[in-house]
Undergrad: 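Dropping a structure here in structure tokens format, bear with me for questions.
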Amino acid sequence: MPELPEVETTRRGIAPYVEGREISEVVLRQRSFRVPVPEGLENALVGRRVGTLSRRAKYLLVPLEPREGEEPATLLWHLGMSGSLRIVNLGEPPRKHDHIDLVMDGGRVLRYHDPRRFGFVDWLKGTVDSDSRLARLGPEPLSETFDGERLYRLSRGRRLAVKPFLMDNAVVVGVGNIYASEALFLAGIDPRREAGRIARERYDRLAAAVKEVLTAAITQGGTTLRDFVSGTGEPGYFAQRLNVYGRAGLPCRRCGAELRAVTLGQRASVFCRICQS
DNA sequence: AAGGAGCCCTGACAGC
DNA sequence: TGCTGTCAGGGCTCCT
């Protein structure tokens, strides 16, 4: 599923095929997503040239250069939990759940696929920073502004468990259930522990663990990148490296104890009672 | 005000 | 075999 590393991989993968290209046609086979496709999006896009792609949290930002007399605008694309964007050749027939095509000049097509339709694409006028969804986001996890000191400071007085705290987008973005679980394992912290009662030193370790697991996943994403360009589908490349996520009832890779599952913030949380305290 | 619950959606799987 | 029920997930809104 598209977590931050996969959104980043997607951005890198599609950029060479869309940046600097003009959108010649838009095919919408489905308008109903978590946010409906804005009215008139097709007309607004055709004839626009795509600028340099960027990413914020799990949002992919597609800037559109203005046509004559128009303002710049940006597409805000979220892949939800089952969405993917890939490049296909013009004329390749859509498969089930291939909902949106952006046909680029030169004959390549940016194709959006999303079985569960938890994702969406929205149209931003004006500056990206003014959008309410982006304005309240915390720092990027791989930036210098995210560190143990920030986790420590923001957690004081907070009584919720550390795992949902870490998944709060106001604290740090892009850390979903998988990476929160894995980072807490690497840092040796029990996911049920009250956020406000964790020492500074342990938060230093947690921040480092978040960076470590995300960096490793982005590196692995290189594999996904090639598959996605060649259109052969995505392998479960990261699954083999998971220590706790999806492994409830199985032995801990470090100590052999049976991994336990609890629910925190309506999310399944797997951890090792021996290695995490 | 913090934090929990509900909602959106469909495929995979378990249990009958 | 085919049905029904449950779960998964991010991020938003709505409640207490």
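Letters go in sequence order (proteins before strands), and every chain restarts at 1.
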Undergrad: Side-chain N or O of Arg158(A) versus OP1/OP2 of dG3(B): is the shortest distance under 4.0 Å?
TA: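 So the side-chain polar atoms of Arg158(A) do come within 4.0 Å of the phosphate oxygens OP1 or OP2 of dG3(B), strictly under.
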Undergrad: In whole angstroms, how far is the C1' atom of dG10(C) from the CG atom of Leu137(A)?
TA: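 Distance check: Leu137(A) CG to dG10(C) C1' gives 12 Å.
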Undergrad: From the options dA8(C), dC8(B), dG3(B), select the nucleotide whose nearest atom is closest to the side chain of Leu160(A).
TA: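 Given the options dA8(C), dC8(B), dG3(B), the side chain of Leu160(A) is closest to dG3(B).
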Undergrad: Can you tell me if the side-chain N/O atoms of Arg136(A) get under 4.0 Å from OP1 or OP2 in dG11(C)?
TA: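 So the side chain of Arg136(A) is outside the cut-off, no N or O lying under 4.0 Å from OP1 or OP2 of dG11(C).
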Undergrad: Between dG11(B) atom P and Phe118(A) atom CZ, what is the distance in whole Å?
TA: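 So the two atoms are 13 Å apart, to the nearest Å.
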Undergrad: Is there a side-chain contact between Asn169(A) and the phosphate of dG10(C), meaning an N or O under 4.0 Å from OP1 or OP2?
TA: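 Result: no.
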Undergrad: Nearest heavy atom decides the nucleotide; on that basis, is Arg116(A) or Leu134(A) closer to the 5' end of DNA chain C?
TA: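 Nearest-nucleotide comparison on DNA chain C picks Arg116(A).
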Undergrad: Just compare dC9(B), dG4(B), dG11(C) and give me whichever is closest to any side-chain atom of Arg34(A).
TA: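 Nucleotide nearest to Arg34(A)'s side chain: dG11(C).
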Undergrad: With rounding to the nearest 0.5 Å, note down the distance linking CD in Glu3(A) to CD1 in Ile218(A).
TA: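 Here the interatomic distance stands at 11.5 Å.
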Undergrad: Select one nucleotide: of dG11(B), dG10(C), dG11(C), the one nearest the side-chain heavy atoms of Tyr59(A).
TA: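 That would be dG11(C).
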Undergrad: Want to settle it: does Arg267(A) or Arg159(A) sit nearer the 5' end of DNA chain B, counting the closest nucleotide to each?
TA: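 Checking each residue's closest nucleotide, the 5'-ward one belongs to Arg159(A).
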Undergrad: For Arg192(A) versus Ala161(A), what's the shortest heavy-atom pair and its separation?
TA: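 The pair with the smallest heavy-atom distance is O-CB, 3.8 Å.
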Undergrad: Out of dG4(B), dC9(B), dG10(C), which has the shortest distance to the side chain of Arg117(A)?
TA: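 Ranking dG4(B), dC9(B), dG10(C) by closest atom to the Arg117(A) side chain puts dC9(B) first.
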Undergrad: Using whole Å, report how far CZ of Phe33(A) lies from P of dT10(B).
TA: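 To the nearest whole Å, that distance equals 10 Å.
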Undergrad: Round to the nearest Å and state the distance from Asp168(A) atom CG to dG3(B) atom P.
TA: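 In whole Å, dG3(B) P lies 9 Å from Asp168(A) CG.
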Undergrad: Can you say whether the rings of Phe120(A) and His78(A) are parallel (under 30°), tilted (30 to 60°) or perpendicular (over 60°)?
TA: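 Because their plane-to-plane angle is under 30°, the rings of Phe120(A) and His78(A) count as parallel.
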Undergrad: If we count only N and O atoms by modelled type, under 3.5 Å, do the side chains of Arg117(A) and Ser32(A) hold a donor and an acceptor together?
TA: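 Checked: Arg117(A)/Ser32(A) side chains pair up, N/O donor to acceptor below 3.5 Å.
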Undergrad: Using a cut-off of less than 4.0 Å, is there contact between a side-chain N or O of His97(A) and OP1 or OP2 of dT10(B)?
TA: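 No, no such contact exists.
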Undergrad: Nearest-Å distance, CG (Leu60(A)) to P (dG11(C))?
TA: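 Leu60(A) atom CG is separated from dG11(C) atom P by 14 Å.
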Undergrad: Please report the distance, rounded to the nearest Å, between CD in Gln266(A) and C1' in dA2(B).
TA: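 After rounding, the reported distance stands at 14 Å.
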Undergrad: Could you state the atom-to-atom distance from CG of Leu264(A) to C1' of dG4(B) in whole Å?
TA: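 One finds 12 Å between C1' of dG4(B) and CG of Leu264(A), rounded.
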Undergrad: Would you say Lys96(A) reaches dT10(B)'s phosphate, i.e. side-chain N/O to OP1/OP2 under 4.0 Å?
TA: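 No, no such contact exists.
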Undergrad: Leu76(A) CG to dG11(C) P: how many Å, rounded?
TA: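 To the nearest whole Å, that distance equals 11 Å.
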Undergrad: Decide whether Asp114(A) and His99(A) meet the rule of one side-chain donor and one side-chain acceptor closer than 3.5 Å.
TA: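 No.
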